[in-house]
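Input: a single structure, listed below in structure tokens.
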Amino acid sequence: REDVVATLLANADLENSYLEAEENFKTRNPKSAAMHAKAAEVMPGGNTRTVLHYAPYPLTFAKGEGAYLYDADGHKLVDFLGEYTAGIYGHNNSVIQAAIETAVRDGIVLGGPNLMEARLARVIVDRFPALELVRFTNSGTEANLMAIGAARAFTGRPKIIAMQGGYHGGVLYFASPSPINAPFDVVLIPYNDLETARDTIKKEAADLACVIVEPMMGSSGCIPASKEFLETLRDETRKAGALLIFDEVMTSRLAPGGRHGDLKIMPDLVTLGKYLGGGVSFGGFGGRSDIMEGFNPKSAGAWPHAGTFNNNIMTMTAGLAGLTQLFTPKACEELNERGNNFRDRLNNSIKKRSLPLQVTGLGSMSNVHFTDQPVERPVVDPIANRKRDLMHLDMLNAGVYHARRCMMNLSLPMEDADLDVAVGAFEEFLDTRRVILENE
């Protein structure tokens, strides 16, 4: 009974602390409030991208410089959101700007093949070992839709296996039932569960077109897949005659050859997006040439793949400049090493205080979890989610911008002082909210 009373009191303290933080946020950000209200007059909820909404209302940003953002009320924040991993170059890199200016000057919409698309394709194919051929899209969502479509066409089978809690785009959302998901026949399995994966692939083999998986779940909390789990997927899909798709829209930034190159596991198809377009809208998918040749328009019965802006000149030019001049293999290794050190610092701060939290992730991507139990797959926990909300508002107040789900990503222009600011703000959160955080 005493434990129950203590839990109730702790939860009440958590809610009161959150409401106090929310009021503080409102006091500090009246211009963002006004702009959000205006936006709501013409967009549902004042929003055109769900993930950017959070209570009581999201900050509206006026500009970005390097690793910093400036909101409508004049606050400067270190940007640890990094546009959900797409913003690896920061906000106004001169190389990227010059590339886009050149593209705009020479014609924005050319309506035919341009000088840059094959050059970007060559760099990407050379960089990621599973890619023999590649095609471009406008987003990671499109890339995953096309890869799944290719798997179904190539195998002549309808079903796909995805992960519980997985996310592969706006219409491939498996964290909860979504009525607007693409109408694929999907079987969901637990992430990092070898036995269930093996049994399910065998059971569905006759109808199974593909398994799609992130080698580290990004949107669900930077949860790495074990090498054994991914190897099991590779072995079992091969036995079943199904394809294995690695969604590396986020994780391709974790090593020069992507996560699959680092692990030396070769999927049949890989999907890409985010930073590879130099900060402009981008997606891509590729893999085995015998699969990708299905899109060859010179062949009879070729699969169609449309998209007005698949090869848009701004993306092709910015993407090529970014990969060849900025995010080189060496720069990739250095950024991810900095990310590993940053995550170690956060975990050491937790350990010194003996609090039931942890920070998961790989390289330049990290996520705070409000539990000291092993994090192997997504878990829905309303109390942990409320602590997450509180941390988000406290960190914003301290000048650190990151995802509401407490995802933190590094970018190339970040300096050591920026990492120090984030660690300091995190430690202040741990100390200020200690009583609340001690209760799981």
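In what follows, every heavy atom counts, from backbone to side chain, and hydrogens, waters and symmetry copies are set aside. Remember, predicted model here, so these are calculated numbers, not experimental data.
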Got a list of side-chain donor-acceptor pairs under 3.5 Å for residues 201-219, not counting sequence neighbours?
from, atom 1, to, atom 2, distance (Å)
E204, OE1, K159, NZ, 2.7
E214, OE1, G218, N, 3.4
E214, OE2, G218, N, 3.4

Do [X] and [Y] have side-chain N/O donor and acceptor atoms under 3.5 Å apart?
X: Q97; Y: S94; result: no
X: N47; Y: H53; result: no
X: T155; Y: R152; result: no
X: N144; Y: T271; result: yes
X: N29; Y: Y57; result: no
X: N367; Y: R405; result: no
X: S364; Y: N336; result: yes

Heavy-atom donor-acceptor pair, [X] side chain to [Y] backbone, under 3.5 Å:
X: R253; Y: T85; answer: yes
X: N92; Y: E65; answer: no
X: E142; Y: S139; answer: no
X: S366; Y: V359; answer: no

Should [X] and [Y] count as side-chain neighbours, where that means a heavy-atom distance under 4.5 Å?
X: D106; Y: I313; result: no
X: V379; Y: T371; result: no
X: F128; Y: V134; result: no
X: V125; Y: L133; result: no
X: Y401; Y: D71; result: no
X: H402; Y: M395; result: yes
X: H168; Y: I148; result: no
X: L243; Y: I291; result: yes

Which distance, rounded to the nearest 0.5 Å, do you find between the [atom1] of [X] and the [atom2] of [Y]?
X: T200; Y: L233; atom1: OG1; atom2: CG; result: 10.5 Å
X: L419; Y: N341; atom1: CG; atom2: CG; result: 9.5 Å
X: D247; Y: L272; atom1: CG; atom2: CG; result: 9.0 Å
X: N385; Y: C406; atom1: CG; atom2: SG; result: 9.5 Å
X: L77; Y: L59; atom1: CG; atom2: CG; result: 6.5 Å
X: M314; Y: N114; atom1: CE; atom2: CG; result: 11.5 Å

Quiz item: Looking at K264, H260, R259, which one forms a side chain to side chain donor-acceptor pair (under 3.5 Å) with D262?
Solution: R259
Of all heavy-atom pairs between [X] and [Y], which one has the smallest distance, and what is that distance?
X: S349; Y: E427; result: OG-OE2, 2.6 Å
X: L410; Y: R338; result: CD2-C, 3.9 Å
X: L390; Y: A21; result: CD1-CB, 3.8 Å
X: G287; Y: L131; result: N-CD2, 3.6 Å
X: N192; Y: A225; result: OD1-CA, 3.3 Å
X: L276; Y: S252; result: CD1-OG, 4.0 Å

Any Lys/Arg nitrogen of [X] or [Y] sitting under 4.0 Å from an Asp/Glu carboxylate oxygen of the other?
X: D73; Y: K31; value: no
X: D420; Y: R345; value: yes
X: E231; Y: R234; value: no
X: R198; Y: E195; value: yes

Quiz prompt | Full working for side-chain contact (heavy atoms from CB on, under 4.5 Å) between Y191 and S220 | solution = CA-CA 11 Å; Y191 195 64; S220 294; over 6 Å; no
ring-ring contact (aromatic ring centres under 6.0 Å, His included) with [X]: which residues, sequence neighbours excluded?
X: F282; answer: F136
X: Y84; answer: none
X: Y275; answer: F327

Quiz item: Can you name the residues that form a side-chain contact (heavy atoms from CB on, under 4.5 Å) with R404, not counting sequence neighbours?
Solution: Y18, Y54, A55, R388, D389, H392, L393
Quiz prompt | Centroid-centroid distance, F295 to F285, less than 6.0 Å | solution =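 Ring-ring flag for F295/F285: true, centres closer than 6.0 Å.
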Quiz item: Aromatic ring centroids of F342 and F80 under 6.0 Å?
Solution: yes
Self-check item: Evaluation steps, side-chain contact (heavy atoms from CB on, under 4.5 Å), between S281 and F309
Solution: CA-CA 9 Å; S281 299; F309 296 105; over 6 Å; no
Quiz item: Is the number of heavy atoms from other residues, nucleotides or ligands within 6.0 Å of CG (L52) greater than 12?
Solution: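 Yes, enclosed.
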Quiz prompt | Atom CZ of R119: over 12 foreign heavy atoms under 6.0 Å | solution = no
Quiz prompt | Check against side-chain contact (heavy atoms from CB on, under 4.5 Å), H369 and T360 | solution = CA-CA 7 Å; H369 295 267; T360 63; 3.1 Å; yes
Quiz item: Of all residues at least two apart in sequence or in a different chain, which pass the salt bridge (Lys or Arg N to Asp or Glu O under 4.0 Å) check with E83?
Solution: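 For E83 the salt bridge (Lys or Arg N to Asp or Glu O under 4.0 Å) partners, ignoring immediate neighbours, are R49.
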Quiz item: Does the side-chain contact (heavy atoms from CB on, under 4.5 Å) test come out yes or no for M316 and L115, once each step is laid out?
Solution: CA-CA 9 Å; M316 301 296 103; L115 298 176; over 6 Å; no
Quiz item: Checking salt bridge (Lys or Arg N to Asp or Glu O under 4.0 Å) for the pair R238/D268: CA distance, chi angles, key distance, verdict?
Solution: CA-CA 9 Å; R238 187 176 286 122; D268 302 296; 5.9 Å; no
